[in-house]
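Right, one structure below, let's go through it.
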Amino acid sequence: MKRIVKLTESKLNNIIKQVLVESGIRDINKIADRYKKAKIYFHQDLDGVTTAIAMKEYLAQYGIETVDCEVIQYGDKEWSIKKPEGSGDVMPVLVDFAHGKPMFVIHTDHHDTQAGVESGTATNFRSSRSNVETISQSISPKELFPTEDLTLISTVDSANFAPNDISVDEVNNYIFNLDKDKSVPKNKMALGLVINKLLLAFKNKPDFLEELVMQSTPSLLNILTNIKRIMKEKGFASVDVLQQNRDNYVQSMKNHPNVKVMDNIIVQYGGGNMMKPGSYDRYTPFKNNPEADFIVIAWPLGLVQASCNPFKKERALKGVNLGEVKDEVLSKWETQLKQKEIPLSTIKWVSENKLNTESVGFTFKDFEALYGEKFSKINNGPELLNIINNIMQKPYNSLSDKQKSIMEKVTVSAWDIIQANSGGHKCITNISGLSYLGKNPQKSFGGGGYQKSEEDSPSVKFTKMIQNEFVRVLQQKIQEG
């Protein structure tokens, strides 16, 4: 006969609290004993900002004060982030970012795959609609952002617009007007979309996103209040100017020579003229081509992005997994890419393109974390790696020719580089790392670049080849039904 145990409300609450604590960041109590201050690095979008705010509040529950924060972005900007001041006393934390680094003590992310994460890092990786949703509702012992805010953030980050009857005009709007004919949740969603647009319009302004994170509480309304304050204090463009710049950009891209539609697939190269604040929006191609099912866009920096039309409820290949298409596309060049060796000297040179004296730089620990044992080396391996480890503590531009030549003795296949840098969600994927191909830091002109008389660098040529193959595979699948 089973014994029935009655729990008092106090005991039940303690058990629930213990379960919530245990479901959070691994070893958070030990971490809190070691660190009393933290610096948070976050991705440059709404989910990144809100996750950083949520993490700031979560750490505060354990007596850890967030004293600084900084935007981190994919590509060479990954390695140009500043080192935390008071190294050893300030804990580096990374949120909403798929590429880890050995320097981080805590790392959370919600993408399908992560790279560069060292075994000792306290991690929380959950595939979800947004990273802030995980921090606020799963990791933290108490809910941080209001549920309706999390719904909006997750909708934006996952581009889940069609099921929620959200139009491209609503997403691409800078001005909120209360619509009495719509429900309260609908009006809140519209307001949240405006907050997202304002945040993106000024994301490249120095210290803008960092100030938002440090000054805001877990509330979209509080974030909006701070955005408006900063806009006024720093003389940023008004919402009317932003709206006009957006309208002009939409018109300029309607008949742009680098945009064409093939079998309901938008094929685009570059983003056009994006200089004026508020002009560029990633959904402009679907605004101009609402019947399109997909977009495949190539960027000169060596990146191909593909995504579904998130505003179209009925589209071809509704169940397509663009990540699987990516794998099929890359398989065409698998043999050649595995035979193409990229020297460590080139990897460090490309990675540190935007480096300054305060940057963390690309070290051998970063190299090992990203590529593991997937690199080749000559004889005297351990001794050679120790030498290279010391060399890579310095910025590339301060190395001697002899030190650079030593790094050329360690190589990684182009295939492994692309695999480590590519990924995404089911309905949006990217092929990245192409910028490492055809680069030679030892070229005498242009610092390893290519003369302006040359039409395209090898990496740009291959980027366009990848884009064309991606489009071809999609067309084939559409024809097959």
Side-chain angles (χ1 to χ4, degrees), residues 20-44 47-74 77-111 114-126 131-132 134-136 138-142 144-145 207 209-218 356-370 393:
L20 286 170
V21 169
E22 290 176 353
S23 67
I25 299 294
R26 177 169 54 88
D27 294 332
I28 183 61
N29 288 312
K30 291 181 180 178
I31 291 171
D33 287 339
R34 167 66 180 83
Y35 296 98
K36 296 303 177 186
K37 297 178 181 179
K39 177 176 181 177
I40 300 173
Y41 297 82
F42 60 97
H43 193 209
Q44 196 179 31
D47 189 29
V49 168
T50 51
T51 303
I53 293 169
M55 178 58 76
K56 180 182 70 172
E57 295 296 314
Y58 171 74
L59 294 176
Q61 295 173 23
Y62 293 89
I64 303 172
E65 178 190 5
T66 299
V67 295
D68 196 8
C69 66
E70 185 178 350
V71 166
I72 186 170
Q73 191 62 298
Y74 295 104
K77 290 184 179 179
E78 289 186 44
W79 317 107
S80 63
I81 56 173
K82 297 177 183 177
K83 302 171 185 175
E85 293 185 9
S87 182
D89 296 323
V90 180
M91 172 175 61
V93 178
L94 179 64
V95 300
D96 191 36
F97 203 72
H99 293 178
K101 290 168 184 50
M103 64 179 273
F104 292 113
V105 177
I106 293 176
H107 181 185
T108 73
D109 185 50
H110 70 111
H111 296 91
Q114 289 77 31
V117 184
E118 203 167 58
S119 59
T121 306
T123 60
N124 190 289
F125 300 140
R126 298 188 186 188
N131 199 197
V132 67
T134 299
I135 298 289
S136 186
S138 299
I139 292 179
S140 175
K142 64 177 182 179
L144 301 175
F145 273 87
D207 301 323
L209 295 182
E210 286 85 352
E211 183 171 348
L212 271 186
V213 169
M214 296 303 293
Q215 298 296 325
S216 300
T217 58
N356 59 55
T357 55
E358 297 178 326
S359 300
V360 296
F362 185 81
T363 68
F364 192 72
K365 273 194 171 184
D366 297 313
F367 177 71
E368 282 188 306
L370 272 174
Q393 298 300 319

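Sequential numbering from 1 along the given sequence is applied to the chain's residues.
Looking at E78, its side chain never comes within 3.5 Å of a backbone N or O of I72 through a donor-acceptor pair. Formation of a donor-acceptor pair under 3.5 Å by the S216 side chain with backbone atoms of V213 is not found in this model.
To the nearest 0.5 Å, atom CD1 of residue I40 and atom CD of residue E210 are 12.0 Å apart. To the nearest 0.5 Å, the span separating CZ on F42 from CG on L212 amounts to 8.0 Å. Between the OH atom in Y62 and the CD1 atom in I28 there is a gap of 6.0 Å [rounded to 0.5 Å]. Distance CG/L209 to CD/Q44: 6.0 Å, rounded to 0.5 Å. How far CG of D366 is from CE of M103: 9.0 Å, rounded to the nearest 0.5 Å. The CG atom of L94 sits 11.0 Å away from the CD1 atom of I106 when rounded to the nearest 0.5 Å.
Annotation for Y41 and F104: closest pair CD1-CE2, 3.2 Å, computed over non-hydrogen atoms. T50 and F145 make their closest contact through O-CE1, 3.3 Å (heavy atoms, listed as atom of the first residue, atom of the second, distance). Taking both residues in full, the closest heavy atoms of L144 and A54 are given as CD1-O, 3.3 Å, listed atom of the first, atom of the second, then distance. In terms of heavy-atom proximity, S80 sits nearest to S359 at O-OG, 2.9 Å. P218 approaches I53 most closely through the heavy-atom pair N-CG2, 3.7 Å. Annotation for D89 and Y35: closest pair O-CD2, 3.7 Å, computed over non-hydrogen atoms.
R34 has its side chain out of reach of V105: every pair of non-hydrogen atoms, C-beta onward, lies at least 4.5 Å apart. By the 4.5 Å heavy-atom criterion applied to side chains, H43 and V95 are not counted as neighbours.
Shown here is K36, whose NZ atom has more than 12 heavy atoms of other residues, nucleotides or ligands within 6.0 Å.
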_Full working for side-chain contact (heavy atoms from CB on, under 4.5 Å) between D68 and K82_ = CA-CA 11 Å; D68 196 8; K82 297 177 183 177; over 6 Å; no
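With respect to C69, the side-chain contact (heavy atoms from CB on, under 4.5 Å) criterion is satisfied by exactly one of M214, M55, E211: M214.
With sequence neighbours excluded, the residues satisfying side-chain hydrogen bond (donor to acceptor under 3.5 Å, both in side chains) with E70 are K39.
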